[in-house]
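No hydrogens, no waters, no symmetry mates; every other heavy atom, side chains included, goes into these values. Note that the coordinates shown come from a computational prediction; the quantities given were computed from them, not determined experimentally.
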Amino acid sequence: MTAAKRGRFVWHDLMTPDPAAAKTFYSAVTGWSTQPFGDAYLMWVANGTPLGGVMALPDPSAPIGWVAYITVPDVDAAAAVAQSLGGRIVKPPASIPTVGRFAILADPQGAMFCLFSWETDRPTEDTAAKPGEFSWHELATTDWRGAWTFYEQLFGWEKRNEHDMGPMGVYMLFGVGGVESGGMFDKPAAMPGAPAWLPYVRVESADAAAERVKANGGTVVNGPMDVPGGDRIAQCVDPQGAAFAVHSKKAGAD
């Protein structure tokens, strides 16, 4: 266990038109509890630890969805590097009192993410996610090779493997700190939406979680299905329109 490092996914915010409805939905699907932080922000809590938050859209034109916070030693310096690599600053670096500093960016293809540094060092352990925690981060984009060049230079991520998906093209897997952490691919023309990151939440059973999604007003758009290695996933949309996915390990895996 060491101090918080570069390139770790450490926080996930949901921007939604109805935070109260989102709280009910995700608590039912993932088992999260919530904890208030200030007057207009709720933190998601899993295994006794906050892992993200939910807030109302700042204005009706703001996009609904999840955004991941990724650690850097210096947010201001990293934002400048991101710009030099073709990224765009959506919200300039700003401080959250007693918490840390962040900036909202878009990568060269347009996918949104946040840079983040804690105000004080936090221990970080590079281990597999537990049930209730975010376990995978998947980028659907228009040029995964160009996106990979950007993220590799910005965060020092490790290229792990490539899977040939036939007509769907290549799915590239990347790691952080030696742990396989996500993937990226070129989205097919029929896939709606702009380039975006899709967060996966580990659950005990992707099939059971998919049923809870449907029972609570969400939509399952893909799956449940097996992925290479024997794990199961389901890709979903919550009742307010935010995309997310659930992920369960194969039988007998940690």
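With a 4.5 Å cut-off on side-chain heavy atoms, Glu119 and Val99 do not count as touching. Contact annotation: the side chain of Gln35 approaches that of Met43 to within less than 4.5 Å [non-hydrogen atoms, C-beta and beyond]. Side-chain contact between Trp157 and Trp148 is present, with heavy atoms from C-beta onward closer than 4.5 Å. Contact check for Val72 versus Val81: no side-chain heavy atoms found under the 4.5 Å cut-off. Counting only heavy atoms from C-beta outward, the side chains of Lys159 and Glu152 never approach each other to under 4.5 Å. Side-chain contact between Val176 and Phe155 is absent, with no heavy-atom pair separated by less than 4.5 Å. Side-chain contact between Trp44 and Val201: absent, with no pair of heavy atoms (C-beta onward) separated by less than 4.5 Å.
Annotation for Leu198 and Ala245: closest pair CD2-CB, 4.0 Å, computed over non-hydrogen atoms. Contact detail for Gly146 and Gln109: the closest heavy-atom pair is C-NE2, 4.2 Å. The heavy-atom pair separating Ser248 from Ala206 by the smallest distance is OG-N, 3.0 Å.
Each of Phe244, Tyr26, Phe9 was scored for a ring-ring contact (aromatic ring centres under 6.0 Å, His included) with Trp66, with one residue passing: Tyr26. Here the rule is side-chain hydrogen bond (donor to acceptor under 3.5 Å, both in side chains) with Tyr200, and of His247, His137, Glu138 only Glu138 fits it.
Inspection of the Asn47 and Thr49 side chains reveals no N or O donor paired with an N or O acceptor under 3.5 Å.
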Practice item. Step by step, work out the side-chain contact (heavy atoms from CB on, under 4.5 Å) result for Thr142 and Asp186. Key: CA-CA 5 Å; Thr142 53; Asp186 287 346; 5.9 Å; no
Check your understanding: Do His12 and Leu51 pass the side-chain contact (heavy atoms from CB on, under 4.5 Å) test, and can you show the C-alpha distance, the side-chain angles, and the key distance before you say yes or no?
Key -> CA-CA 7 Å; His12 300 78; Leu51 49 74; 5.7 Å; no
Exercise for review: Take Trp197 and Met184 through the test side-chain contact (heavy atoms from CB on, under 4.5 Å) and record every step on the way to the result.
Suggested key: CA-CA 9 Å; Trp197 283 97; Met184 52 184 69; 4.2 Å; yes
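Residues satisfying the side-chain contact (heavy atoms from CB on, under 4.5 Å) test with Asp13, not counting sequence neighbours, are Trp11, Tyr41, Met55, Val67, Tyr69.
Taking a cutoff of 4.0 Å between a charged side-chain nitrogen and a carboxylate oxygen, Lys249 and Asp231 qualify as a salt bridge.
There is no path of hydrophobic side-chain contacts, each under 4.5 Å, that joins Val45 to Val54.
With values rounded to the nearest 0.5 angstrom, Thr30 atom OG1 is found 11.5 Å from Glu133 atom CD.
Of the possible donor and acceptor atoms, one in the side chain of Ser27 sits under 3.5 Å from a partner among the backbone N and O of Trp32.
Taking the six-membered ring for Trp and the full ring otherwise, Phe113 and Tyr151 have centroids separated by under 6.0 Å.
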